[in-house]
Amino acid sequence: MIADTIWPEFLNIVREEVGSRVIETWFKAVIFCGWDASTKTAYLKAPNPFVKDWLTTHYTPLFERHLGRLLHEHHIKILFLQTDQPEAASAHAGNAPLRSETASIFNSNAISTVGKNSSEAIVPSKVPLTIKPAVHSVAKSTSNQANLRSHQYKFSNFVVGPHNSLAYAAALAIAEKPGKLYNPFFIYGRSGLGKTHLLHAIGNAIKETNKNCRIVYQSADRFVNEFINAIRFDKVYQFESKYKDADLLLVDDIQFLSNKEQTQEAFFHIFNMLHQAQKQIVFTSDSLPRDIAGLAERMRSRLESGLVTDISLPTLETKIAIIKKKAEALNEIITDEVADYVASVIISNVRELEGALIRVFAFASLTNQQLTLELAQKVLARTKDTKGPAIDLQKIGAHVAKHFDYSLQEIRSAKRDKELTLARHIAIYLMKQHTNHSLREIGKFLQRKDHSTILHAIDKVEERKKHDAAFLHLLQQLEHQIMS
Ligand code: ADP
Ligand code: MG
């Protein structure tokens, strides 16, 4: 049977092109139903209109090319058969009602509107949610506190220093009066600086005072996966009700919604409902909303609409305080001398600081030695050699952008006015100098199609450096700031 061999072979071929994740989430949901040689038509079947729409919008050329090749025909037609739902076939036309489960999330019109609706008013969608009969509610009541890590992350074991005091104070206030003060609350900062800790601390504190509060914690990348699976397995209603019934929604690493248009759409809707009902929503992210690429304008404005606070790099004193707190929690004793040393080796990242501390304790205990400065030095010697501050494209881009008073978004844009081009060139140059990324990767990060533009930028900077002392000074100054 042609269907038995063609489809698996097709999947194998396109796996190379689109990656396993896309195959598993989208293509594997499809059934190859047959091939009509007389009309040169391949018949496929998707589990629901959404999968069908997604595949036809994004992958029609891919179907045509590879299935065509496997079927030895140059020009083939791809036809998705109607799914079991009566409305499914007409849903493709745009105006037809989707099944009520999907309709509630997608009722706010366009699905692929990232970046286009900048003027959209900040009002919740007017279309009411579809209320499903009670039988469906079984699946949603899994737990009141979905995914909350209960013990580790609390306010009481969070060390407050100048770098996080504002975020801490706001988090504490929110835990006392959820939904009343700053909603949403948006915490951003580099990796390993305590965002997730603070997010859970809010959840845990509220849980303590209000046992019935329905708290949902989710990281945005899991949210994306959950959403895709909900679509694929027709569980959109359960997915949605898990979130819309929350009293407190904690979303970690919202930057992962970047370029996920459909998920943003779904999230947008959930956000509006909760926000309107004055349910507290807290986000964390590695950057400011405006620096998250591929975020629909209306999403961005929602994220920025409450309080936005950063967590910056801890000072030496705070690092020492954190070390002492962690040692205490581990029931270990650490001298000031060793604490100072560990704090000075690890430049900024608290997660790495914790890791280093645990290594030091473990080594002392395993070799039955006193934890002296020499021992700590021995254990962490390699850390110091091999690890400078982790500098990434994002950081350099954001720093240079800020220096020139632009957003990272603008650096990545196609705009070409003089000052912006200069900022972009400098960013590219520093990215090449201070990371291990290839020209291609830098190009991709900056949304450039062709990496020869990257090369051109580097040449320009190299050239100007040679004869423009002020320019050279600026470069050095930026380098210094980025490295420290
Ligand atoms: P992020 O989410 O910003 O990447 P995390 O919240 O996961 O960072 O923090 C990394 C680790 O560092 C966690 O184990 C956390 O408990 C710890 N940590 C970070 N900041 C602090 C702090 N101010 N006090 C105590 N522990 C901290
Ligand atoms: Mg985190």
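Throughout, residue positions are numbered sequentially from 1 according to the sequence presented. Both counts, for ligands and for their atoms, begin at 1 and track the order of listing.
Between K195 and D253, no side-chain nitrogen of the basic residue sits less than 4.0 Å from a carboxylate oxygen of the acidic one, so the salt-bridge criterion is not met. We find that R302 and E297 are not joined by a salt bridge, their nearest charged nitrogen and carboxylate oxygen being 4.0 Å or further apart. In summary, E304 and R290 do not engage in a salt bridge, as defined by a charged side-chain N under 4.0 Å from a carboxylate O. A salt bridge links K242 to E226: one of the charged nitrogens lies within less than 4.0 Å of a carboxylate oxygen. Using a cutoff of 4.0 Å between basic side-chain nitrogens and carboxylate oxygens, E265 and R298 are scored as salt-bridged.
Neighbours of the Mg ion (ligand 2) restricted to protein N, O or S atoms under 2.8 Å: the count is 1.
No close placement of the F158 and Y153 rings is indicated, their centers lying 6.0 Å or farther apart.
Ring orientation note: the planes of F186 and Y188 are tilted relative to one another, at an angle of 30° to 60°. Between F223 and F267, the ring planes are perpendicular. Angles over 60° get that label, and only those under 30° would be called parallel.
Here the closest heavy-atom approach between residue T315 and residue T318 is recorded as OG1-OG1, 2.7 Å.
Residues with a heavy atom under 4.0 Å from ligand 1: Y153, N157, F158, V159, N164, R190, S191, G192, L193, G194, K195, T196, H197, I322, K326, V350, R351, E354.
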